[in-house]
Each structure stands twice: as structure tokens, then as C-alpha cells.
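Here the structure is a predicted model, which is why all the values come from computation and not from measurement. First the proteins, then the strands, lettered A, B, ... as listed; each starts at 1.
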2 protein chains.
Amino acid sequence: MAENVADKLARSGIRPSAQRVAIAEHVLVSSLHPSAEQVFASVRLMFPQVSRATVYNTLNLLVEKGLLRSLALSEGNVVFDPKVEAHHHLVDESTGEIHDIPWDDLVVQNVESLKGFDVSEYQVVMRGRSRENPKP
Amino acid sequence: MAENVADKLARSGIRPSAQRVAIAEHVLVSSLHPSAEQVFASVRLMFPQVSRATVYNTLNLLVEKGLLRSLALSEGNVVFDPKVEAHHHLVDESTGEIHDIPWDDLVVQNVESLKGFDVSEYQVVMRGRSRENPKP
DNA sequence: TCTAACATTAGACCTAGTCTAAATTTGTGG
DNA sequence: CCACAAATTTAGACTAGGTCTAATGTTAGA
């Protein structure tokens with residue numbers, strides 16, 4: 001797994017330093033949507049000497065190189081999403097959790113015919129509640 | 001106009017103090033999407049004694065009472081939108097400007113049939129460029 | 001091996017936003 | 001109209017998330 005992540009970084013032109021690999025493993029592997037501070041805290045558990053600046057630098061670098069996307073879906077919460085293919089998002093209003101919704105689960109029409117704009121990307125952002133785990 | 005805004009506040013159960021009216025006029029009237037800090041700066045030009053806390057309190061109150069929506073569409077930029085009916089948004093990648101897109105300009109299907117979730121609201125968030133004013 | 005480029009660090013700094021305690025304003029019952 | 005309680009506003013302290021800087025450590029490759 002470490003090998004995989006290091007290779008992935010290298011293939012994107014990122015020198016796979018120990019710190020970067022540790023950070024990338026935390027954020028590229030899980031399917032959660034962690035914030036920068038959460039990544040910082042997790043990485044610190046294993047590498048207490050890693051600095052905040054390195055975490056932020058690395059996350060921004062991963063975004064820049066297209067290995068990661070940053071999302072600002074709800075107020076003041078910027079989180080990272082390792083799934084870089086087009087997809088939609090649903091924010092659980094009870095828990096704040098962010099769920100990925102596959103692109104083909106929804107159909108969006110007429111984006112291309114919008115007057116006056118060339119749209120380069122889009123997604124549907126939903127707010128709702130999980131039906132399996134309803135809050136009274 | 002001042003009368004209108006004061007009435008609007010009163011009708012929503014908000015006591016229309018001078019400060020609140022001044023703030024509401026800045027944010028409810030324009031069709032721009034100002035940030036809290038921009039509202040604070042504008043209001044200060046006319047009422048230099050207004051405090052930051054009052055601006056934030058009032059904006060939050062307007063959101064709570066449904067006269068205003070807050071949007072977090074791009075990284076770390078929370079802005080306010082006086083258009084409270086359902087609509088979509090397009091962020092201009094050149095300028096950062098946010099454009100309102102009328103609900104009926106787009107068609108979204110299958111939101112209701114999403115497995116496992118009750119969706120209470122949604123919108124399409126687009127990124128693109130204005131065709132009228134292209135950047136070289 | 002040497003060195004220039006690259007990466008990391010600690011901590012200062014910045015910005016957006018919240019909180020607090022005191023002061024001011026306002027609506028209302030008497 | 002007055003007094004007072006409730007609501008509002010204020011200045012500034014405080015917090016969280018994030019960036020920047022200058023010094024230090026690491027690495028690739030001639």
C-alpha cells in the first residue's frame with residue numbers, strides 16, 4: 001500500500017518524501033472526507049514531528065496535481081475528496097457526513113445550452129437524511 | 001426602500017433597529033453575493049459605529065428567519081444570497097463571481113429515487129466562464 | 001562528493017467568525 | 001409619562017483554519 005501511494009505520487013511528478021507518503025496515505029486511501037485539520041491530527045498520531053505547514057502544502061499539492069479534490073459544501077468546512085472522477089454529493093443534515101453519489105444515479109439536462117456561459121464542470125449538491133438511520 | 005426593508009424584517013419577527021435595517025438594505029437589495037466582511041465594510045461607510053458582531057448577528061438572524069441564504073460554493077468563501085427561492089449557481093472561474101441560474105433552466109432527474117436518502121433540497125453547482133466577456 | 005534545488009520545520013502572522021460583559025436602546029405596564 | 005425588564009449593540013478578547021517566512025534538513029545528479 002505504501003508502495004502504491006509512493007508510486008502514485010511519483011507518477012504525478014511529486015517527490016514521494018516520507019511525510020508526503022504518510023499524508024497521502026491518510027487522505028487518498030479512506031473514502032471519508034477529512035478536513036485538513038483532521039488529516040493533520042491523524043498524521044501526527046504516527047509522525048508527531050510533522051508540521052502543519054507540510055500537511056497543508058501537501059494537500060494543496062495533491063489538489064493541484066489532480067490526485068485530490070477540495071470541496072466546500074457546507075459553511076466553513078473545506079474537506080478533501082480522493083475520488084476525482086465526476087460525481088455528486090449529498091450532505092447528511094443530521095450528521096454532517098458527506099456521501100458520494102455516483103454520476104449516473106442522477107440525470108442533469110440543459111447545462112450545455114445555458115445562455116452566456118461555457119460550463120467546464122458541475123455537480124449536484126444535495127442535503128438530506130439517511131433513511132436507514134433516521135433521527136427521531 | 002428603507003420602509004420596505006423595515007417592514008420585511010418586522011413581518012419576519014425581527015425588530016427593525018437602525019443597524020439591522022442598514023445591514024439588511026445592503027444585503028437584501030443588491031443581487032450581488034457579498035461576504036459578511038464585505039457587508040461589514042459597506043455598512044461601516046455609512047454607519048462607522050456599527051460593530052462586526054452586530055453585522056454577523058444580523059446576517060445569521062436573517063438566514064435563520066429565511067430572508068437570506070448563506071452559500072459556501074468555493075473554498076473558504078461564505079457569501080450571502082438574498083434570492084431564497086430554489087435556484088442553481090454558476091461560479092465564474094475567471095472572476096470568482098457567482099451567478100444565479102433560474103431553477104427551470106436546468107432539469108435534474110432521479111433525485112427522489114436515490115436509494116437510502118430523503119433529499120430535502122438540492123441545487124446544481126457549476127463552474128465555467130462567461131461567453132460574453134472571454135479572457136484571452 | 002558537492003552542490004543546487006527541493007522539502008520540512010516552528011512559529012509568527014492573517015482572516016473570518018464567535019463570544020463576553022458592559023452599556024445602550026426600546027417597548028410596555030402602571 | 002416613567003420605570004424597568006428585555007432586547008440590542010458595542011469593543012475587544014478569543015478561536016479556528018489556514019498561509020507565510022526564514023532557517024534547517026534532505027536529495028538527486030553532474
Side-chain angles (χ1 to χ4, degrees), chain A residues 5-7 9-27 33-44 46-65 67-80 96 98, chain B residues 5-7 9-27 33-44 46-65 67-80 96 98:
Chain A
V5 169
D7 289 354
L9 297 185
R11 258 180 278 120
S12 299
I14 300 174
R15 193 189 289 183
S17 70
Q19 290 93 331
R20 284 174 175 172
V21 171
I23 294 162
E25 275 174 357
H26 272 277
V27 78
H33 296 81
S35 67
E37 291 297 319
Q38 285 167 342
V39 174
F40 179 52
S42 306
V43 172
R44 288 280 268 210
M46 313 196 73
F47 301 87
Q49 78 289 0
V50 170
S51 77
R52 184 185 304 272
T54 297
V55 172
Y56 279 88
N57 286 343
T58 301
L59 291 173
N60 291 339
L61 189 59
L62 292 173
V63 169
E64 192 187 311
K65 298 295 187 178
L67 295 177
L68 198 60
R69 292 168 87 94
S70 73
L71 303 175
L73 298 180
S74 52
E75 285 203 26
N77 288 14
V78 175
V79 300
F80 294 92
I98 295 171
Chain B
V5 169
D7 289 355
L9 297 185
R11 257 180 278 121
S12 298
I14 299 174
R15 194 190 289 183
S17 70
Q19 291 93 329
R20 286 174 173 173
V21 171
I23 294 162
E25 275 174 357
H26 271 278
V27 79
H33 297 82
S35 68
E37 291 296 318
Q38 285 167 341
V39 174
F40 179 52
S42 304
V43 172
R44 288 282 269 211
M46 313 195 72
F47 301 87
Q49 78 290 357
V50 171
S51 77
R52 184 185 305 271
T54 296
V55 171
Y56 279 89
N57 287 343
T58 301
L59 291 173
N60 291 339
L61 189 59
L62 292 173
V63 169
E64 191 187 309
K65 298 295 187 178
L67 294 177
L68 198 59
R69 292 170 87 94
S70 73
L71 304 175
L73 299 180
S74 51
E75 285 201 27
N77 287 13
V78 175
V79 301
F80 294 92
I98 294 171

Nearest-Å distance, CG (B/N57) to P (C/dA16)? 17 Å
What is the distance from atom CG of B/N57 to atom OG of B/S51, rounded to the nearest 0.5 Å? 7.5 Å
A/T54 has a side chain; which of D/dT9, C/dT9, D/dA11 sits nearest to it? C/dT9
Just to confirm, is there a sub-4.0 Å distance from OP1 or OP2 of C/dT18 to any side-chain nitrogen or oxygen of B/N60? yes
Between D/dG12, C/dA10, C/dA16, which nucleotide has the shortest distance from any of its atoms to the side chain of B/A53? D/dG12
Nucleotide of D/dG18, C/dA7, C/dT9 approaching A/A36 most closely (side-chain heavy atoms): D/dG18
Any side-chain N or O of B/S51 less than 4.0 Å from the OP1 or OP2 oxygen of D/dG12? no
Any side-chain N or O of B/Q19 under 4.0 Å from OP1/OP2 of C/dT25? no
B/L61 atom CG is separated from D/dT8 atom P, nearest whole Å, by 8 Å
Can you tell me if A/N77 touches the phosphate of D/dA16, counting only side-chain N or O atoms and a distance under 4.0 Å to OP1 or OP2? no
Could you verify whether a donor N or O on one side chain and an acceptor N or O on the other, from A/T58 and A/Q19, lie under 3.5 Å apart? no
With rounding to the nearest 0.5 Å, note down the distance linking CD1 in B/I23 to OG in B/S17. 7.0 Å
Hey, could you give me the CG/CZ distance between A/L9 and A/R20, rounded to the nearest 0.5 Å? 8.0 Å
Over how many whole Å does the gap from A/E64 atom CD to D/dT19 atom P extend? 13 Å
Taking only side-chain N and O atoms of B/Q49, does any of them lie within less than 4.0 angstrom of OP1 or OP2 on D/dA11? no
Heavy atoms of B/L71 and B/H33 approach each other most closely as CD1-CD2, 4.1 Å
Send over the distance from B/I23 CD1 to D/dT8 C1', rounded to a whole Å. 11 Å
Take the protein atom CD of A/E75 and the nucleotide atom C1' of D/dG17, then report the distance between them rounded to whole Å. 15 Å
Please confirm whether the shortest side-chain N or O distance from B/R52 to OP1 or OP2 of C/dC19 is below 4.0 Å. no
For B/F80 and C/dG17, what is the distance between atoms CZ and C1' respectively, to the nearest whole Å? 10 Å
From C-beta outward on B/R15, which listed nucleotide comes closest to its side chain: D/dA7, D/dT10, C/dG17? D/dA7
Where the side chain of B/Y56 is defined as all heavy atoms beyond and including C-beta, which of D/dT10, C/dA10, C/dA16 is the nearest nucleotide? C/dA16
What is the distance, to the nearest angstrom, from the CD1 atom on B/I14 to the P atom on D/dT9? 11 Å
When rounded to whole Å, the CZ to P distance for the pair B/F40 and D/dT10 reads 9 Å
